[in-house]
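All heavy atoms count here, side chains included; hydrogens, waters and symmetry mates do not.
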Amino acid sequence: MKLYYATGTCSLSPHIVAIEAGIALELERVDIRKIPRITETGADYARINPNLYVPALALDDGTILLEGTAIVQYLADLAPASGLAPPAGTMARVQLQSWLGFIATELHKVFSPWLFHPEYGTQAQDVARSRLAARLDYVERQLGDGRQYLLGNTFTVADAYLYTVLSWSEVAKVDLGAFPQVRALLASIGDRPAVREAIRCEAQRQSQ
């Protein structure tokens, strides 16, 4: 399988999940700064993902999977013993999907594009940061029951996605100071060997 990714984007999430699950992935970097978008091997990325964003996962049979929340669940289901996703059909799986949907729509899509495009203006960015604060307050309150991760005491794909999105906070000037539970969770996730390895690998490839 091959993961099409770009450093500093949400494609870090499936990269983390694959390492956690012990799944070997070939990596191919996409230059998302330019149109047309070309991969590191010179391929036209529009032929792989017409939506032009990452991640995309190419399966060995040629199937292309799109959308990070679907990709991380697919990878987790390849390694059920990893505990990265509860079994399909269970309430725990529905709760996982609820968190993935929340992160995608209420956090990810507020960071990007609003906080990464100064042309939208400071007023739009202030509104985005205010909305993020309200959503982060929700996450903070959910973590207040002493759980170690979003779904309890087991690391899941939702935690990988949350970590990936909130890792943009410093560059986007989103203050996490009011959310100690969230910050503790991010620190815990950041200490996981798979997370460190995914970040190290992408940084190393970026410098080549």
Side-chain angles (χ1 to χ4, degrees), residues 3 5-22 53-55 67-69 71-73 75-76 82-86 92 95-116 125-206:
L3 178 67
Y5 79 101
T7 303
T9 72
C10 61
S11 57
L12 176 63
S13 176
H15 191 181
I16 291 170
V17 169
I19 296 174
E20 288 275 358
Y53 51 72
V54 292
E67 303 303 327
T69 56
I71 291 170
V72 294
Q73 291 181 80
L75 292 171
S82 68
L84 289 164
Q95 291 169 336
L96 173 74
Q97 292 167 334
S98 177
W99 271 115
L100 289 172
F102 174 86
I103 297 165
T105 60
E106 301 298 329
L107 298 177
H108 186 169
K109 289 305 179 184
V110 180
F111 271 97
S112 177
W114 303 110
L115 298 181
F116 294 144
Q125 293 188 332
D126 288 345
V127 170
R129 292 188 181 97
S130 177
R131 178 172 176 177
L132 277 171
R135 299 303 183 258
L136 288 170
D137 182 65
Y138 170 78
V139 180
E140 181 77 8
R141 286 185 281 111
Q142 297 305 303
L143 295 172
D145 62 4
R147 70 182 73 179
Q148 187 176 0
Y149 297 107
L150 289 177
L151 265 71
N153 293 323
T154 301
F155 178 85
T156 70
V157 298
D159 299 293
Y161 189 20
L162 181 72
Y163 176 86
T164 296
V165 171
L166 293 187
S167 69
W168 305 331
S169 295
E170 184 174 356
V171 69
K173 298 180 181 179
V174 173
D175 185 4
L176 300 180
F179 311 107
Q181 303 283 356
V182 171
R183 287 187 285 108
L185 174 60
L186 297 180
S188 174
I189 296 171
D191 282 339
R192 296 181 69 87
V195 175
R196 295 199 302 268
E197 173 60 18
I199 293 171
R200 184 204 64 77
C201 177
E202 292 190 12
Q204 183 181 53
R205 290 172 62 88
Q206 184 76 11

Could you grab the distance from atom [atom1] of [X] to atom [atom2] of [Y], nearest 0.5 Å is fine?
{"X": "Q95", "Y": "T156", "atom1": "CD", "atom2": "OG1", "answer": "11.0 Å"}
{"X": "L107", "Y": "S112", "atom1": "CG", "atom2": "OG", "answer": "12.5 Å"}
{"X": "L162", "Y": "L186", "atom1": "CG", "atom2": "CG", "answer": "6.0 Å"}
{"X": "F111", "Y": "R129", "atom1": "CZ", "atom2": "CZ", "answer": "9.5 Å"}
{"X": "W114", "Y": "L132", "atom1": "CH2", "atom2": "CG", "answer": "12.5 Å"}
{"X": "L100", "Y": "S13", "atom1": "CG", "atom2": "OG", "answer": "8.0 Å"}

Where do [X] and [Y] come nearest, in terms of heavy atoms and distance?
{"X": "I189", "Y": "D159", "result": "CD1-O, 3.6 Å"}
{"X": "V110", "Y": "A128", "result": "CG1-O, 3.4 Å"}
{"X": "A104", "Y": "Y161", "result": "CA-OH, 3.3 Å"}
{"X": "A198", "Y": "I16", "result": "CB-CG1, 3.8 Å"}
{"X": "L166", "Y": "S169", "result": "O-OG, 2.8 Å"}
{"X": "L3", "Y": "S11", "result": "CD2-O, 4.0 Å"}

> Can you list the steps and then say if K173 with Q125 is a side-chain contact (heavy atoms from CB on, under 4.5 Å)?
Replying inline: CA-CA 10 Å; K173 298 180 181 179; Q125 293 188 332; over 6 Å; no
> Does anything in residues 130-141 pair up under salt bridge (Lys or Arg N to Asp or Glu O under 4.0 Å), and if so which pairs, sequence neighbours excluded?
Replying inline: E106-R131, E106-R135, D137-R141
Are [X] and [Y] close enough that some pair of their side-chain heavy atoms sits under 4.5 Å apart?
{"X": "V139", "Y": "W99", "answer": "yes"}
{"X": "F155", "Y": "S82", "answer": "no"}
{"X": "Y5", "Y": "P14", "answer": "no"}
{"X": "C201", "Y": "I19", "answer": "no"}

> By salt bridge (Lys or Arg N to Asp or Glu O under 4.0 Å), which residues pair with D191, not counting sequence neighbours?
Replying inline: none
> Can you tell me if T164 uses its side chain to pair, donor with acceptor, with the backbone of C10 under 3.5 Å?
Replying inline: no
> Is the W168 ring parallel, tilted or perpendicular to the F116 ring (thresholds 30°, 60°)?
Replying inline: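 Rings of W168 and F116: perpendicular, over 60°.
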>> Quick check on side-chain contact (heavy atoms from CB on, under 4.5 Å): which of T154, N153, L185 does Q148 satisfy it with?
In response: N153
> Salt bridge check: are R205 and E202 linked by an N-O gap of less than 4.0 Å?
Replying inline: no
Return a table of donor-acceptor pairs under 3.5 angstrom between the side chains of residues 174-184 and protein atoms on other chains or two or more places apart.
| from | atom 1 | to | atom 2 | distance (Å) |
| --- | --- | --- | --- | --- |
| D175 | OD1 | G177 | N | 2.8 |
| R183 | NE | L176 | O | 3.0 |
| R183 | NH2 | G177 | O | 3.4 |

